[in-house]
Amino acid sequence: MATHHLPDHFKCPISLEIMSDPVILSSGHTFDRSSIQRWLDAGYRTCPITKLPLPDQPSLIPNHALRSLISNYTLLPPLHQTISQPQTLISTLTSPSSSPDSKIDSLRHLTRLSKRDSAFRRHLADSAAVPAVLAAVVDPALQEKALPLLLNLTLDDDSKVGLVAEGVVARLVAVLLNASPDCRAVAATIVTSLSVVEVNKATIGAFPAAIAALVAILRDGKGRERKEAATALYALCSFPDNRRRAVSCGAVPILLRNVEIGLERCVEVIGVLAKCKEGREQMEGYNGCVQILARVLRNGSSRGIQYALFALTSLCLYSQEMMLLALEEGVLEASIVFVEDDNEKVRRNACNLIRALRSNNSNHDRVE
């Protein structure tokens with residue numbers, strides 16, 4: 001497929017190639033994972049576009065929405081074959097006299113248009129259609145078609161704060177609490193997309209039941225919705241206050257149980273929650289926490305290992321008991337394997353954990 005026929009936002013700003021694994025940096029910009037990882041591994045700690053500083057361990061949040069758009073692009077007909085009068089669709093959606101079937105048809109066409117045309121998304125976000133889309137999100141007859149359209153509207157950074165100001169969080173929480181598994185999964189993805197903007201993390205986290213609804217999906221949900229809920233929780237918990245909120249909702253034991261049954265995305269959330277005292281206390285109180293994280297070291301993906309190492313380091317620095325459990329579990333030996341890993345973050349986290357284990361163990365020996 002010729003790349004010059006594809007929208008510019010499908011291309012990585014670094015490589016200028018179509019992205020195969022788009023991820024969102026904390027600056028709000030999206031890059032192909034391999035390109036931005038090379039940038040970070042080279043030691044740069046600024047956003048390649050904004051030049052603003054990044055944290056020492058920048059989060060790379062999967063941009064599932066954009067990845068889906070790229071993969072589905074060739075399946076869509078040309079825009080001129082889809083609809084020639086988008087304003088008619090907006091009028092149908094906003095009119096109180098429109099039938100549910102006509103609104104469903106409008107939502108379907110608007111979703112197609114907004115997938116491929118950033119200018120149209122901006123037009124839609126600035127029009128009277130947004131309140132109608134938000135109303136459709138909580139209408140059981142329209143919800144399934146309205147959520148993908150809302151997800152498309154969150155692709156543009158300029159729209160993210162505006163949608164939150166217009167009350168999108170209340171609608172999303174209602175979906176997370178009461179909708180079908182597929183709709184809950186899309187709603188969680190929208191939360192992740194909105195949370196790229198720092199101020200939205202605080203606003204969403206402070207909204208009653210927002211974090212609790214994500215934790216409930218991790219407790220009771222199915223495969224895809226649990227994975228999307230974990231991703232949303234990870235995005236929100238880069239904001240410190242949200243870590244304590246997640247812990248108070250009982251997230252730690254639920255996350256660890258999910259890690260135990262193979263949902264590795266939850267290891268990333270555990271790594272973030274280990275940054276707060278309340279999170280570490282609950283991990284210490286969970287029987288088998290160290291063993292679960294040690295199994296990730298032996299069998300997990302590079303990203304899972306990275307966060308398991310980080311969580312174990314936090315726990316071992318916090319608790320002598322957890323440090324001794326980690327030594328008994330063979331964590332020191334497992335960590336040594338990663339000091340020459342290809343992934344710079346894995347290497348750094350492994351070295352930090354080894355130092356913590358050796359230092360604390362030496363102090364323990366002297367006390368003994």
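With no hydrogens or angles considered, no side-chain donor-acceptor pair links Tyr234 and Thr192 at under 3.5 Å. Between the side chains of Asn352 and Thr313, no donor-acceptor pair of N or O atoms lies under 3.5 Å. Side-chain atoms of Ser195 and Asn200 include no donor-acceptor pair closer than 3.5 Å. A donor-acceptor contact under 3.5 angstrom links the side chains of Asn258 and Arg226, judged on distance only. Side chains of Lys201 and Ser238: a donor on one and an acceptor on the other come within 3.5 Å. No side-chain N or O of Thr88 forms a donor-acceptor pair with one of Ser91 less than 3.5 Å apart. A donor and an acceptor atom, one from each side chain of Arg280 and Ser314, are nowhere located under 3.5 Å apart.
Minimum heavy-atom separation, Asp32 to Pro22: OD1-N, 3.9 Å.
Within the 3.5 Å criterion, the main-chain N or O of Leu273 finds no donor-acceptor partner in the side chain of Arg243. Judged by distance alone, with hydrogens and angles left aside, the side-chain atoms of Glu228 form no donor-acceptor pair with the main-chain N or O of Glu225 at under 3.5 Å. With hydrogens and angles ignored, the 3.5 Å screen pairs no side-chain donor or acceptor of Arg45 with any backbone N or O of Pro53.
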*Criterion side-chain hydrogen bond (donor to acceptor under 3.5 Å, both in side chains) on Ser193 and Lys160, from CA distance to verdict*: CA-CA 8 Å; Ser193 183; Lys160 296 181 197 290; 3.1 Å; yes

>> Checking Thr231 against Arg265 for the side-chain hydrogen bond (donor to acceptor under 3.5 Å, both in side chains) test, could you report, in this order, the C-alpha distance in whole Å, the side-chain angles of both residues, the deciding distance, and whether it holds?
In response: CA-CA 7 Å; Thr231 303; Arg265 183 63 51 80; 2.3 Å; yes

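More than 12 heavy atoms of other residues, nucleotides or ligands lie within 6.0 Å of NZ in Lys103, so this atom counts as buried by the packing criterion. Other residues, nucleotides and ligands contribute more than 12 heavy atoms inside 6.0 Å of the CG atom of Asp220.
Residues Ser35 and Arg38 form a side-chain contact, since some pair of their non-hydrogen atoms from C-beta on lies under 4.5 Å apart.
No continuous path of hydrophobic side-chain contacts links Ile190 to Val23 [ILVMFWY only; heavy atoms under 4.5 Å].
Geometrically, Arg112 does not engage Phe120 in a cation-pi contact, judged by NZ or CZ lying under 6.0 Å from the ring centre and within 45° of the ring axis.
A salt bridge links Glu268 with Arg303; the closest basic N to acidic carboxylate O contact falls under 4.0 Å.
Going from atom CD of Glu278 over to atom CD of Gln282 covers 9.0 Å, rounded to the nearest 0.5 Å.
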